[in-house]
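Data block below; observations after.
Keep in mind that what you see is a predicted model, and the values were worked out from it rather than measured.
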Amino acid sequence: MVGCDRGLCHQAVGRQDKQLNTYDWLADVPGNTDTTDLVEVQFKHTRKGYYHNVNNLDLKKGDIVAVEANPGHDIGVVTLTGRLVKLQIKKANLKSADDIKRVYRIARPVDMEKYHEAKRREHSTMIESRQIAKGLGLKMKIGDVEYQGDGNKAIFYYIADERVDFRQLIKDLAATFHVRIEMKQIGARQEAGRIGGTGPCGRELCCATWMKNFVSVGTSSARFQDISLNPQKLAGMCAKLKCCLNYEVDDYVEAGRRLPAKDITLQTQDAEYHLFKSDILAGLVSYSTDKNISANLETITAERAKQIIEMNRKGEKPLSLQEDGKRQEPKRPIDLATQENINRFDRAKKKKKKHKKPNNNGGQPQRNEHKPKDAKE
């Protein structure tokens, strides 16, 4: 296939200026687009829609199309075609097939002129709508405004902690801007996804790049992973718990089942050991002779801990926690001041003197004899 390298097609990536970009790993498969007429179209920020290509247009990723809207038409960018669209529809949980409308045509210059004209009005509309909401005394924040491609409709995205009666607000907005008004409430996570940004990991926010549906996150996810319950560390850019806390929690839960219980003490012939900390993924547990502080800390595997627990149940006590019966030597702290001999600086000077080249007069130092200017030779 022309334009493909090592089995990867450039059409799979497409335009990268859109959020929630999906890599189409079936783009170079022959007949991929013939399996379905469904296409995925993305609009401003994170809003996506799914449409039927009833006119059998040769659509590719990155094409700008005019699609059916209520009322009129909207302008968006094709972000996915072929078999993966069916999987995305299942992921989007569309309630009925009526939500899937039609693709009219590839956008014409006239359509693009109307589109750009509508987009230029969005910022001023948002500022003015905030003033109108403030004048009505509504406890809400209008975070963004999105005009439809033909300019006949505007979507107002707002954030509110309580229920808001915005019936009068809709009347005032319609009278001011002369368009059809749609109010859409979003949460703090959706707002962060629309604004975008960089997380503490150094990468773009997940909600602004690939996440479309949000799952509730609880502090139990942090507890399973032994993460400190520090609100400043657990909160994301949206001031809510980070979505990434759910990414590895299943692995931690499964690995935690292989560890011994926290309240069980290990008994040896010389002391009792209490669980101090555990490395869940590595399967290592550290025990201390004191419940509150790290005293005589020893680290063993979870299998060895279970062996000792079984021995204690039978009334047996091993010599130590280690399998060879020897106690683990505590690691001594490294003192940088005494780690090397302080005379190392003197040795460096001596080496420089040894490598000094001899003078031309047999190693004897030269005398600088200066004759006075008035002396006769």
Side-chain angles (χ1 to χ4, degrees), residues 1 3-70 74-107 146 184 186-187 189-190 192-194 196 203-217 221 242-251 254:
M1 190 174 184
C4 298
D5 184 23
R6 298 181 182 179
L8 298 178
C9 183
H10 68 280
Q11 297 177 359
V13 180
R15 294 164 60 100
Q16 289 296 319
D17 61 342
K18 291 293 179 182
Q19 294 176 331
L20 303 182
N21 180 70
T22 303
Y23 185 87
D24 189 2
W25 48 275
L26 295 177
D28 56 348
V29 175
N32 176 43
T33 57
D34 299 335
T35 57
T36 179
D37 65 340
L38 293 170
V39 294
E40 181 186 72
V41 180
Q42 185 165 342
F43 304 95
K44 185 178 180 180
H45 296 310
T46 57
R47 185 168 69 94
K48 280 187 176 182
Y50 299 93
Y51 300 88
H52 284 293
N53 184 10
V54 293
N55 296 324
N56 296 324
L57 302 173
D58 185 17
L59 298 179
K60 297 179 181 178
K61 196 170 185 177
D63 291 341
I64 302 177
V65 293
V67 298
E68 181 183 2
N70 187 19
D74 204 350
I75 302 295
V77 179
V78 177
T79 53
L80 199 62
T81 59
R83 303 176 189 175
L84 291 185
V85 181
K86 293 182 178 180
L87 299 178
Q88 292 291 90
I89 290 177
K90 292 181 180 179
K91 188 177 178 180
N93 295 325
L94 293 181
K95 296 181 180 179
S96 64
D98 297 335
D99 297 334
I100 304 178
K101 298 182 173 59
R102 298 173 296 169
V103 177
Y104 284 149
R105 59 187 177 274
I106 295 178
E146 179 183 2
K184 182 174 291 188
I186 59 176
R189 300 181 191 275
Q190 288 86 350
R194 296 183 67 83
R203 304 187 65 176
E204 280 191 87
L205 298 179
C206 297
C207 55
T209 51
W210 62 272
M211 287 186 67
K212 185 173 177 61
N213 300 323
F214 296 93
V215 182
S216 61
V217 185
S221 301
K242 295 178 181 177
C243 296
C244 56
L245 291 175
N246 283 344
Y247 293 170
E248 300 178 354
V249 66
D250 294 337
D251 293 335
E254 184 178 355

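- Just one of Asn53, Val41, Val77, Leu57 meets the side chain to side chain contact (heavy atoms under 4.5 Å, CB included) condition when paired with Val65; it is Val41.
- A salt bridge links Asp74 with Arg47; the closest basic N to acidic carboxylate O contact falls under 4.0 Å.
- A heavy-atom distance below 4.5 Å is found between the side chains of Ile75 and Ile64.
- To the nearest 0.5 angstrom, Thr35 atom OG1 is 9.0 Å from Leu84 atom CG.
- Closest non-hydrogen pair, Val217 versus Lys242, comes out as CG1-O, 3.5 Å.
- Remark: the backbone N or O of Glu248 is not paired with any side-chain donor or acceptor of Asp251 at under 3.5 angstrom.
- Annotation: side chain to side chain donor-acceptor pair (under 3.5 Å) contacts of Ser221 (sequence neighbours excluded): Asn246.
- Side chains of Ile100 and Ile89 form a contact here, defined as non-hydrogen atoms less than 4.5 Å apart.
- The two residues Arg102 and Tyr51 make their nearest non-hydrogen contact at O-CD2, 3.7 Å.
- Here the NZ-CD distance, from Lys184 to Gln190, works out to 10.5 Å after rounding to the nearest 0.5 Å.
- Among all heavy-atom pairs drawn from Ile186 and Arg194, the shortest one is CD1-CD, 3.9 Å.
- Closest of all the heavy-atom pairs between Gly193 and Ala208 is O-CB, 3.6 Å.
- Take Tyr104 and apply the side chain to side chain donor-acceptor pair (under 3.5 Å) test, not counting sequence neighbours, and it matches no residue.
- The shortest distance between side-chain heavy atoms of Val39 and Thr33 does not fall below 4.5 Å.
- Here Arg105 contributes atom CZ and Asn55 contributes atom CG; the two are 10.0 Å apart, rounded to the nearest 0.5 Å.
- In this structure, Cys207 and Arg189 have side chains that are not in contact, with every pair of non-hydrogen atoms separated by 4.5 Å or more.
- Considering all non-hydrogen atoms of both residues, Phe43 and Gly49 come closest at CE1-N, 4.1 Å.
- Here the side chains of Asn32 and Arg83 are in contact, with some heavy-atom distance below 4.5 Å.
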